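The structure appears right after this line, and notes come after that.
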Amino acid sequence: MAISIEDVEHVARLARLALSEDEKETFRRQLSDVLEHARVISEVDTEGVEPTSHTLPLVNVFRDDVARPSLPTEEVTSNAPWAADGAFRVPRIV
Amino acid sequence: MEFETIIGLEIHAELNTASKMFCGCPTAFGGAPNTSTCPICLGHPGVLPVANREAVADTILLGLALNCKITPRSIFHRKNYFYPDMPKNFQISQYDIPLTADGWLEVEMEGNNRRVGITRVHLEEDTGKSVHIGESGRIHGADFSLEDFNRAGIPLAEIVTEPDLRSPEEARAFMQLLRATLEYLQISDCKMEEGSLRCDANISIAVDGAMGTKVEIKNMNSFRSLFRALSYEDERQRFAIKQGETLVQETRHWDDAAGVTHPLRSKEEAFDYRYFPEPDLVPIEPDPAWVEELRGRLPELPMERLRRFREQYGLSDEIAVMLTSEKALADYFERAVETGQDPVELAKWIAGDLVALLKDAVVPIQSCPLEPRGLGELVALVAQKVISGKMAKEVLKEAFDTGKGPKEIVEAKGLSQIADAGELDAVVDEVIAANPEAAEDMRGGKEQALKFLMGQVMKKTRGQANPEMASDLIKKKLT
Ligand SMILES: [Zn+2]
């Protein structure tokens, strides 16, 4: 299955990636190859097989509803490039 | 052309667990920014979320209350989007396999029952809060935004209905019933103003049975704004159709101050959340014994209680709806009924004066200074004609303000009305003797004279005569 330059642009926009024209063409080819591989896999007969969402043989891993102390405020924003009064500052959204 | 309004709702209720959905941060409302955050709810790399058992239990309980089927094996998904209110750039939610699905809730409106389909009830995490800084004070034109993640990660139940509602009135009634249901289950604070209960709506107009264009409405923060926004949109769409205009499928924002909806700036492309199974959280397979245990915890639900109140106590529709809209209020009423007084009278006092006093004082019924027993005492005093209904209003107010019992107040103030037949008889005789003209008029059938004589009796007794008894006595003696 081949994908178009428009598909690449769409996916790039969703991931907030800026791509050059050359990169778009490279990814168009690579992504088409990936999808082609997926198409081959999809030919396997999976009739009666539940889709696998997890490979771990585990279910129902829960924690008790007990509150514990949060991070000290000065540590919360210590790695943030931009913060003010305990809040994270982010550039204009729209 | 025959028009029909079609409405479906999407409701988000914050669950009132002690800790967040996937980490142990406390869920307290308010607080300074980011004081309730940790590496997990801040989305740091390498952390492992673990689901809160209580939040799962609450959602199953809600599913059961809404007659949903409990999914034998459900999973979490990542919903991917770029917006700074989610530090991970995705929200952990549920997608095609929700915890519970396929139920219904029946709303009663003016004697008509409407069974509203519940498509699904799933569990997800809440997002953070953004404050937009700049001259506009809004997201558009802001210089920058401040992010507070105290709310990020609080467990959120999402309830989606089928498009089964047929008017803004029905939508409001449904929402009120759903709120009451959440409140009865005691799984959410249900405060629309504080955002712990939120509602979006889809509304369209079917013309001659053909489906119309669906419009989504956001930002309705009260039952009133839900009703107003839907009424406005209902009108707007009907008018547009009559004018031959084409409606656009879009999301519109309700502006409560202006009383209108306006379109949100349309996205260049449709949302594409690229859901995929959350690899860090294993599937949930609720043990049937656990589900049964939860089912056993279901209280009597608001609609059942409303119907019982009408039948068992003979309450009117209006009063029964009001009393059952809040579990604590209904509990208060039933405790008052235990005093043996007339349920209809008790209900009237609660729905009328008491609720008004509580509202004025901004006091929840749970902390009402007048206990149910005290209300029973008050109703008994009226029933035994110790005090009049008018006096009872004052006594109730004083009992509410001071926390004293009605009996105590009546005694301390010497308020008790003269309902002793012998005592009153003597007073009436005195009044008749002192006012022969009025007595003569009364015999002649003049209404005015009765009022005058009553006034004299009241004056003589400093307003403490039982009016009904006094009036009966005068009539008996002078006709
Ligand atoms: Zn946390």
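Bear in mind that the values here come from a model prediction, so they are computed numbers and not experimental data. Lettering follows sequence order; numbering is per chain, from 1. These values consider heavy atoms only, across backbone and side chains, with no hydrogens, waters or symmetry-generated copies.
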Options [options], ranked by heavy-atom pairs under 4.5 Å with chain A, top entry:
options: B:Pro283, B:Cys38, B:Pro286; result: B:Pro283
options: B:Ala55, B:Pro87, B:Ala32, B:Pro39; result: B:Pro39
options: B:Ile133, B:Asn89, B:Thr35; result: B:Thr35
options: B:Ser130, B:Cys41, B:Pro26, B:Gly128; result: B:Pro26
options: B:His77, B:Arg73, B:Glu147; result: B:Glu147

Check whether A:His54 reaches the backbone of B:Glu278 with its side chain - one donor and one acceptor, N or O, closer than 3.5 Å. yes

Heavy-atom proximity to chain A below 4.5 Å, by part of [X]:
X: B:Val131; answer: neither
X: B:Ala51; answer: both
X: B:Tyr83; answer: side chain
X: B:Pro84; answer: side chain
X: B:Ile75; answer: side chain
X: B:Phe149; answer: side chain
X: B:Pro33; answer: both
X: B:Asn34; answer: both

Any side-chain heavy-atom pair from B:Arg274 and A:Val11 closer than 4.5 angstrom? no

Using side-chain heavy atoms (C-beta onward) and a distance below 4.5 Å, is A:Val90 in contact with B:Ser145? yes

Does a salt bridge link A:Asp64 with B:Arg53, judged by any charged N lying under 4.0 Å from a carboxylate O? yes

Tell me whether the count of non-hydrogen atoms from other residues, nucleotides or ligands lying under 6.0 Å of [atom1] in [X] goes above 12.
X: B:Glu135; atom1: CD; answer: no
X: A:His37; atom1: NE2; answer: no
X: A:Glu43; atom1: CD; answer: yes

How close do B:Val282 and A:Leu58 get, heavy atom to heavy atom, and via which atoms? CB-O, 3.4 Å

Nearest heavy-atom contact between B:Leu42 and A:Leu71 is CD1-CD2, 4.4 Å

Polar side chain donor-acceptor pair, A:Asn79 to B:His44, under 3.5 angstrom: no

Calculate, to the nearest 0.5 Å, the distance between atoms [atom1] and [atom2] belonging to [X] and [Y] respectively.
X: A:Trp82; Y: B:Leu146; atom1: CH2; atom2: CG; answer: 9.0 Å
X: B:Cys23; Y: A:Arg63; atom1: SG; atom2: CZ; answer: 6.5 Å
X: A:Leu14; Y: B:Phe82; atom1: CG; atom2: CZ; answer: 9.0 Å

B:Ile284 and A:Asn60: side-chain contact (heavy atoms from CB on, under 4.5 Å), yes or no, with the steps? CA-CA 5 Å; B:Ile284 298 175; A:Asn60 299 336; 3.8 Å; yes

Determine whether B:Ser19 and A:Asp65 satisfy the following criterion, side-chain contact (heavy atoms from CB on, under 4.5 Å), listing intermediate values before the conclusion. CA-CA 6 Å; B:Ser19 64; A:Asp65 180 30; 2.6 Å; yes

Within 45 degrees of the axis of the six-membered ring of B:Phe144 and under 6.0 Å from its centre: does A:Arg92 put its NZ or CZ there? no

Can you list the steps and then say if B:Asn52 with A:Phe62 is a side-chain contact (heavy atoms from CB on, under 4.5 Å)? CA-CA 6 Å; B:Asn52 183 335; A:Phe62 298 129; over 6 Å; no

